Amino acid sequence: MAKTTTGPLDLTKVRNIGIIAHIDAGKTTTTERILYYTGMVHKIGEVHDGAATTDYMDQERERGITITAAAITAAWKDCQINVIDTPGHIDFTVEVQRSLRVLDGGVVVFDGVAGVEPQSETVWRQANRYNVPRMCFINKMDRTGASFQRCVDMIVERLGGKPAILIIPYGEGDQFKGLVDVLTQEYVFYGDDKGTDIKRLPLPDDIKERAQQVRSQLVEAIAETDDTLMEKYLMEEPLTDEELKTALRKATIAGTLHPVLCGSALKNKGVQILLDAVIDYLPSPLDIPAVVGHDPDSGEEIARHSSDDEPLTALVFKIITDPYVGRLAFVRVYSGVLKSGTGVLNTSKDRRERIGRMVRMFADEREDITEIHAGDIGAILGLKDTFTGETLSDPDKEIVLEKISFPEPVINVSIEPKTAGDQDKMGEALRKLAEEDPTFHVRVDDQLGQTLLYGMGELHLEVMVERMRREHKVDAIVGRPRVAYRETITRKVRHDETFKRQSGGSGQYARVVIEVEPLPEGSKENFVWEDAIVGGTIPKEFIKPTMTGVEEAVQGGVLAGYPVVGVKVRLVDGAFHEVDSSEMAFKIAGSMAFKAAMQKAGPVLLEPMMRVEVTAPDASTGDVIGDLSSRRALIEGMDPRPGGASAVRAIVPLGSMFGYATDLRSKTSGRGNFTMEFEKYAQAPTSIAEEVMKGAKAPAR
């Protein structure tokens with residue numbers, strides 16, 4: 001295991017990177033090779049054998065997919081690389097999102113045959129949102145049908161990427177022999193299967209012309225990003241490799257170019273070159289802009305730089321519950337030093353926390369440390385009140401960082417324990433799982449007396465229930481998956497509500513006047529509250545209870561009891577009684593006012609719409625399109641795929657996609673597959689809304 005130090009880090013030699021990609025592009029295999037070549041493991045673990053180091057959960061090994069992001073510290077050429085291997089399945093997109101929030105750079109892995117796939121687009125968009133510099137690794141160049149140039153073209157067309165090609169393959173598919181270093185114009189030859197006997201040889205004649213052509217394109221692309229180099233380039237002065245590398249590093253960090261490499265992680269070709277490129281081109285913590293937060297009291301903006309001398313600023317980006325040591329909080333320290341035995345402030349909640357034991361993670365193994373320095377990633381054990389997206393800060397120099405925003409779950413199942421004795425154990429197990437995953441929600445439906453689990457997809461919920469059974473030893477009966485609909489309003493209304501009750505002694509009295517209106521389309525908020533009371537018509541101490549009442553009413557709409565989204569509520573007027581008014585009276589009045597206002601505001605049901613891509617043989621695409629159309633799909637287009645197949649892109653309501661995998665298999669003789677991710681909520685047709693409203697009161701079967 002790499003030796004870790006407790007002294008200050010040389011931040012120029014630290015890289016915090018994520019391996020991100022579509023499912024099955026080879027992220028975990030690439031990470032496994034990184035561990036092997038950096039000396040972290042002495043035997044290569046394979047995903048298909050269920051032996052990958054970072055896929056340490058039983059389910060990951062059985063399913064051959066990554067479910068949770070695993071953090072690993074490795075060393076390469078005197079540099080410390082903190083690597084996070086993220087999941088590719090869209091149901092676990094939260095893992096990618098929260099990892100990208102704290103990473104300085106990303107390696108996007110593409111399948112050399114499939115190229116840019118739907119989830120590749122999603123992770124690329126997420127990386128754009130967080131301004132994460134990235135490089136591309138085109139994997140599986142040894143597979144039949146692999147096409148390097150096609151992948152590069154797709155990176156440009158579908159992702160808007162700006163490729164700077166550093167490595168090209170020498171041969172593709174079963175003709176794949178090695179790699180060509182475009183900058184040095186050398187043939188990288190692998191003399192053994194383990195990828196450790198690497199020779200750099202002169203270019204074979206049949207690749208020389210192509211290699212020179214790609215180099216001139218690379219030089220031109222790099223020169224365009226730097227005025228001094230551009231001048232030399234136009235004057236036809238030679239540019240040294242060192243000048244080009246320095247300019248490419250600057251352009252990569254700025255996001256104006258994306259270095260492209262290739263290889264075959266499974267066949268151990270190209271990973272060391274990828275590691276060199278991570279060191280050469282991806283940013284250190286010093287290369288990224290200062291992290292910006294705000295003062296929790298004044299709201300004033302504060303910037304903190306990556307330095308041990310600045311006040312402590314850290315973000316908790318992931319929680320896992322370990323059966324042996326309890327809750328582990330993964331943390332990225334942006335400034336200052338996080339020390340064992342010290343007190344810090346959770347500024348997101350204004351709660352003090354004591355830092356106890358800290359560890360550096362190596363997948364599911366860990367090594368004790370006493371300090372985490374600026375720019376580094378580690379994990380803390382035993383935090384009581386701190387969860388994903390919350391800020392830890394120096395108690396005397398407070399700062400709150402922007403929270404991580406997560407998508408709303410789109411599907412639910414009902415669940416009940418198999419035995420009465422399991423009831424409490426189930427509640428505790430679900431609470432722990434919900435603490436780990438912000439897209440996994442647990443709600444109790446009072447009307448039906450059911451516990452409902454909400455998640456991002458069928459696989460997500462299946463995995464969570466399985467984890468409950470295995471890790472927490474709780475068995476349960478699970479209902480059929482159901483769509484998580486939403487409700488909203490279509491027009492602005494004003495409503496005046498008086499709550500009055502007299503039953504001997506002091507009574508209850510509260511009057512509130514609210515305006516409700518739809519939020520603009522595309523708004524990031526689901527619910528906005530505005531206090532517009534003037535002249536003290538409602539005393540300050542009754543305004544918060546009114547808001548609480550409205551917030552509770554928003555949890556269940558008036559059509560079918562689904563949560564209400566996209567609404568703004570403004571408290572504009574009201575009245576109180578010196579004796580009879582209370583916090584409870586105003587809370588009840590707020591809840592009643594919202595329910596009544598929503599009835600008048602044109603309530604509608606919203607259904608989740610999914611972006612679906614179906615890959616099927618050309619002979620079956622007619623049947624596939626016909627079937628999708630019968631499921632109310634909006635067909636967006638078709639793209640050719642290697643091997644006589646096509647990919648059909650469509651937007652389809654989630655409610656009509658249950659059981660689709662089985663139907664697709666029968667229509668394509670088992671050769672079709674599909675990916676599905678949440679796109680948006682849209683108004684459901686009247687017939688669907690009526691059906692949902694009818695079934696809302698019926699218990700799930």
Side-chain angles (χ1 to χ4, degrees), residues 26 30 33 37 109-115 135-156 161-224 229 232-248 257-277 280-281 642-643:
T30 305
R33 297 314 185 265
Y37 294 124
V109 181
F110 297 94
D111 180 324
V113 178
M135 57 172 54
C136 307
F137 180 67
I138 298 174
N139 191 24
K140 305 191 180 186
M141 289 312 304
D142 57 314
R143 272 187 65 199
T144 306
S147 168
F148 177 79
Q149 192 53 50
R150 187 172 152 275
C151 286
V152 172
D153 292 343
M154 287 176 87
I155 290 168
V156 176
K162 302 170 190 82
I165 298 171
L166 298 176
I167 302 291
I168 58 172
Y170 182 37
E172 292 176 342
D174 51 11
Q175 297 299 306
F176 178 59
K177 299 183 186 76
L179 304 167
V180 171
D181 187 326
V182 171
L183 214 52
T184 61
Q185 294 286 288
E186 291 172 311
Y187 169 38
V188 183
F189 172 76
Y190 291 82
D192 66 349
D193 289 342
K194 284 206 166 172
T196 48
D197 177 20
I198 304 173
K199 295 182 175 67
R200 284 183 169 259
L201 307 170
L203 287 178
D205 291 342
D206 57 348
I207 193 80
K208 266 185 187 166
E209 192 183 328
R210 165 95 174 117
Q212 283 161 0
Q213 181 192 359
V214 176
R215 190 180 194 280
S216 353
Q217 290 166 352
L218 175 68
V219 171
E220 188 178 341
I222 297 172
E224 280 175 359
L229 290 194
K232 285 180 83 171
Y233 178 75
L234 293 171
M235 302 289 288
E236 295 186 4
E237 290 178 33
L239 301 176
T240 67
D241 287 359
E242 214 43 58
E243 283 177 314
L244 290 167
K245 282 171 89 167
T246 305
L248 178 54
L257 284 178
H258 303 114
V260 176
L261 299 92
C262 66
S264 166
L266 187 65
K267 295 292 167 67
N268 308 312
K269 291 179 170 65
V271 178
Q272 294 99 321
I273 295 175
L274 175 64
L275 280 165
D276 289 342
D280 289 343
Y281 304 115

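Since this is a predicted model, take the numbers as computed values, not measurements.
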K.L.:
Do Asp142 side-chain atoms and Phe176 backbone N/O form a donor-acceptor pair below 3.5 Å?
P.N.:
no

K.L.:
Between Pro163 and Gly161, which heavy-atom pair has the shortest distance, and what is it?
P.N.:
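Taking every non-hydrogen atom into account, CD-O, 3.5 Å.
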
K.L.:
Does the side chain of Val182 reach to within under 4.5 Å of the side chain of Gln217, using non-hydrogen atoms?
P.N.:
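With C-beta onward as the side chain, the pair stays apart.
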
K.L.:
Using side chain to side chain donor-acceptor pair (under 3.5 Å) as the criterion, list what pairs up with Lys208, not counting sequence neighbours.
P.N.:
Asp205

K.L.:
Compare all side-chain heavy atoms of Leu218 with those of Ile165 and state whether any distance is below 4.5 angstrom.
P.N.:
no

K.L.:
Under the side chain to side chain contact (heavy atoms under 4.5 Å, CB included) rule, what do Tyr190 and Ile198 come out as? Steps first, then yes or no, please.
P.N.:
CA-CA 5 Å; Tyr190 291 82; Ile198 304 173; 3.7 Å; yes

K.L.:
Are more than 12 heavy atoms from other residues, nucleotides or ligands located less than 6.0 Å from atom CD of Glu237?
P.N.:
yes

K.L.:
What I'd like to find out is whether the side chain of Thr196 reaches to under 4.5 Å of the side chain of Tyr37, using heavy atoms alone.
P.N.:
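Thr196 vs Tyr37: side chains touch.
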
K.L.:
Tell me, do Leu257 and Tyr281 make a side-chain contact under 4.5 Å, heavy atoms counted?
P.N.:
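Answer no - side chains too far apart.
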
K.L.:
How long is the straight-line distance from OG1 of Thr30 back to CG of Asn139, given to the nearest 0.5 Å?
P.N.:
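Answer rounded to 0.5 Å: 4.5 Å.
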
K.L.:
Could you please spell out the steps behind the side chain to side chain contact (heavy atoms under 4.5 Å, CB included) verdict for Ile155 and His258?
P.N.:
CA-CA 10 Å; Ile155 290 168; His258 303 114; 5.7 Å; no

K.L.:
Tell me whether the NZ or CZ atom of Lys177 lies within the 45° cone about the ring axis of Tyr170 and under 6.0 Å from its centre.
P.N.:
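Yes, Lys177 sits over the ring of Tyr170.
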
K.L.:
Quick one: closest heavy-atom pair of Ala211 and Leu203, and the distance?
P.N.:
CB-CD1, 3.7 Å

K.L.:
Would you mind reporting whether Leu179 and Leu261 have side-chain heavy atoms less than 4.5 Å apart?
P.N.:
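Side chain of Leu261 against side chain of Leu179, heavy atoms only: no contact under 4.5 Å found.
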
K.L.:
Over all heavy atoms of both residues, which pair between Ala164 and Leu248 is shortest? Give the atoms and the distance, please.
P.N.:
CB-CD1, 3.9 Å

K.L.:
Applying the side chain to side chain contact (heavy atoms under 4.5 Å, CB included) criterion to Val214, which one of Val152, Ile167, Ile168 satisfies it?
P.N.:
Ile168

K.L.:
Among Leu266, Val109, Asp111, which residue meets the side chain to side chain contact (heavy atoms under 4.5 Å, CB included) test with Lys140?
P.N.:
Asp111

K.L.:
Looking at side-chain heavy atoms only, is the closest gap between Glu243 and Ile222 below 4.5 Å?
P.N.:
no

K.L.:
Do Asn268 and Arg33 touch side chain to side chain, with heavy atoms closer than 4.5 Å?
P.N.:
yes

K.L.:
Among all residues two or more places apart in sequence or in another chain, which pass the salt bridge (Lys or Arg N to Asp or Glu O under 4.0 Å) test with Asp192?
P.N.:
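Partners of Asp192 under the salt bridge (Lys or Arg N to Asp or Glu O under 4.0 Å) test: none.
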
K.L.:
Of all heavy-atom pairs between Phe110 and Gly115, which one has the smallest distance, and what is that distance?
P.N.:
CD2-O, 3.9 Å

K.L.:
Ignoring hydrogens and angles, tell me if any N or O in the side chain of Arg143 forms a donor-acceptor pair with the backbone of Gly173 under 3.5 Å.
P.N.:
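Judged by distance alone, no pair lies under 3.5 Å.
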
K.L.:
Which residues satisfy the salt bridge (Lys or Arg N to Asp or Glu O under 4.0 Å) test with Asp174, sequence neighbours excluded?
P.N.:
none

K.L.:
Does a donor on one side chain sit under 3.5 Å from an acceptor on the other, for Gln272 and Asp276?
P.N.:
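Gln272 vs Asp276: no donor-acceptor pair found between side chains.
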
K.L.:
What's the separation between atom CG in Asp181 and atom CZ in Arg215, rounded to the nearest 0.5 Å?
P.N.:
9.5 Å

K.L.:
Using side-chain heavy atoms (C-beta onward) and a distance below 4.5 Å, is Ile207 in contact with Tyr187?
P.N.:
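Side-chain contact under 4.5 Å: no.
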
K.L.:
Is it true that a side-chain atom of Gln175 and a backbone atom of Glu172 form a donor plus acceptor pair closer than 3.5 Å?
P.N.:
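Answer holds: no.
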
K.L.:
Just how far is it from atom SG of Cys262 to atom CG of Leu166, taken to the nearest 0.5 Å?
P.N.:
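Here the rounded value is 10.0 Å.
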
